[in-house]
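By convention here, the first residue in the shown sequence is residue 1. Computed from heavy atoms alone, side chains included, the values below leave out hydrogens, waters and symmetry copies.
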Amino acid sequence: YIKIFKGPISIFIICLISWSINEAAFPYFIKLIVDKTASLDLNAGADKSFWLNFGGIFCGLAALWLVMDSCMRIYDYVYVRFKPEFQARMRQDVFDYVKEHSLKYFIDNFAGSLGTKVKDIPDSVLAIVDHFFWSIIAQFIGFLISVALVMTVHPFFASCMIVWCVWHLF
């Protein structure tokens, strides 16, 4: 099914990456705001213009948020278009597979039970794939981006973050 639906799946992965970048970069932008605020010396006559000091940071934060929000809207649109076609194709394939079974299989299993299983398989597969994408892939990409951003602060902190995560995973 990945070969058949490679366009929508590619869009889903791009949207996952945009979400991960946004989630990982937001604390970095907060760090930039705190660092910029700490470096200002307002008593020494430093420029007190808000936009001169913080405009670039807030524009970057707004751009990141707009890209992520646009990607999520595109994700929802593609998902709404993709889901019925995916479910119909999978139901048909499962139905064709079940039709090839022997007569004994149909005697041993109730027709309603088989129909329910055929009906529920596409929903279950979509739930598993959705969970895999958002709970594993997106979180892992976000972790990698977070480690890269923490590496810009100090490599020791990034290595501590990796050790902490590995320690708690296992």
(request) Determine, using the 4.5 Å side-chain heavy-atom cutoff (strictly less than), whether Ile137 and Phe143 are members of one ILVMFWY cluster. (result) no
(message) Within a 6.0 Å radius of atom CZ on Phe106, are there more than 12 heavy atoms belonging to other residues, nucleotides or ligands?
(response) yes
(message) Can you pull out every side-chain hydrogen bond (donor to acceptor under 3.5 Å, both in side chains) where at least one residue sits in residues 5-16? Sequence neighbours excluded, please.
(response) none
(message) Please give me the minimum heavy-atom distance between Lys119 and Arg91, naming the atom from each residue.
(response) O-NH2, 3.1 Å
(message) Could you work out, with side chain to side chain contact (heavy atoms under 4.5 Å, CB included) as the rule, every residue matching Asn109, not counting sequence neighbours?
(response) Tyr105, Leu114
Would you mind writing out the side-chain donor-acceptor pairs for residues 65-73 within the sub-3.5 Å range, not counting sequence neighbours?
from, atom 1, to, atom 2, distance (Å)
Asp69, OD2, Arg73, NE, 3.3
Ser70, OG, Leu66, O, 2.8

(request) Using the rule that two of Ile, Leu, Val, Met, Phe, Trp, Tyr join whenever any of their side-chain heavy atoms come within less than 4.5 Å, decide whether Ile136 and Phe12 are in one cluster. (result) yes
(message) Could you work out, with ring pair (Phe, Tyr, Trp, His ring centres under 6.0 Å) as the rule, every residue matching Phe86, not counting sequence neighbours?
(response) Tyr1, Phe5, Phe82
(message) According to side-chain hydrogen bond (donor to acceptor under 3.5 Å, both in side chains), does anything in residues 152-162 pair up with another residue at least two apart or in another chain? List the pairs.
(response) none
(message) Working to the nearest 0.5 angstrom, can you tell me the gap between Ile4 CD1 and Met90 CE?
(response) 9.0 Å
For a quick test of your reading: what N or O donor-acceptor pairs under 3.5 Å do the side chains of residues 160-170 make, sequence neighbours left out?
from, atom 1, to, atom 2, distance (Å)
Trp164, NE1, His168, ND1, 3.4
His168, ND1, Trp164, O, 2.9

Pair up each side-chain donor or acceptor in residues 13-26 with any protein partner under 3.5 Å, not counting sequence neighbours, and list the distances.
from, atom 1, to, atom 2, distance (Å)
Ser18, OG, Cys15, O, 2.9
Ser20, OG, Leu16, O, 2.9
Ser20, OG, Ala138, O, 2.8

(message) Hydrophobic clustering (ILVMFWY, side-chain heavy atoms < 4.5 Å, transitive) - are Val150 and Ile141 grouped together?
(response) no
Under 3.5 Å donor-acceptor pairs involving side-chain atoms of residues 121-131, not counting sequence neighbours:
from, atom 1, to, atom 2, distance (Å)
Asp123, OD1, Gln87, NE2, 2.4
Ser124, OG, Asp120, O, 3.0
Asp130, OD1, Tyr75, OH, 3.2
Asp130, OD1, Trp134, NE1, 3.3
His131, ND1, Ser135, OG, 3.2

(request) Using ring pair (Phe, Tyr, Trp, His ring centres under 6.0 Å) as the criterion, list what pairs up with Tyr97, not counting sequence neighbours. (result) His101
(request) Could you pull out all residues at least two apart from Lys36 that satisfy side chain to side chain contact (heavy atoms under 4.5 Å, CB included)? (result) Ser39, Asn53, Phe54, Ile57
(request) Say whether Val94 and Phe110 are linked into one hydrophobic cluster, either directly or through other cluster members, by side-chain heavy-atom distances under 4.5 angstrom. (result) no
(request) Only counting residues at least two apart or in another chain, list the ones meeting salt bridge (charged side-chain N to carboxylate O under 4.0 Å, His left out) with Lys83. (result) none
(request) Please report the shortest heavy-atom distance between Lys31 and Val153, naming the atom on each side. (result) CE-CG2, 3.5 Å
(request) Working to the nearest 0.5 Å, report the span between OH of Tyr28 and CG of Asp35. (result) 8.5 Å
(message) So that I can tick it off, tell me whether Arg89 and Asp93 are bridged by a salt bridge, with the cut-off set at under 4.0 angstrom between side-chain N and carboxylate O.
(response) no
(request) Would you please name every residue forming a salt bridge (charged side-chain N to carboxylate O under 4.0 Å, His left out) with Lys104, sequence neighbours left out? (result) Asp108
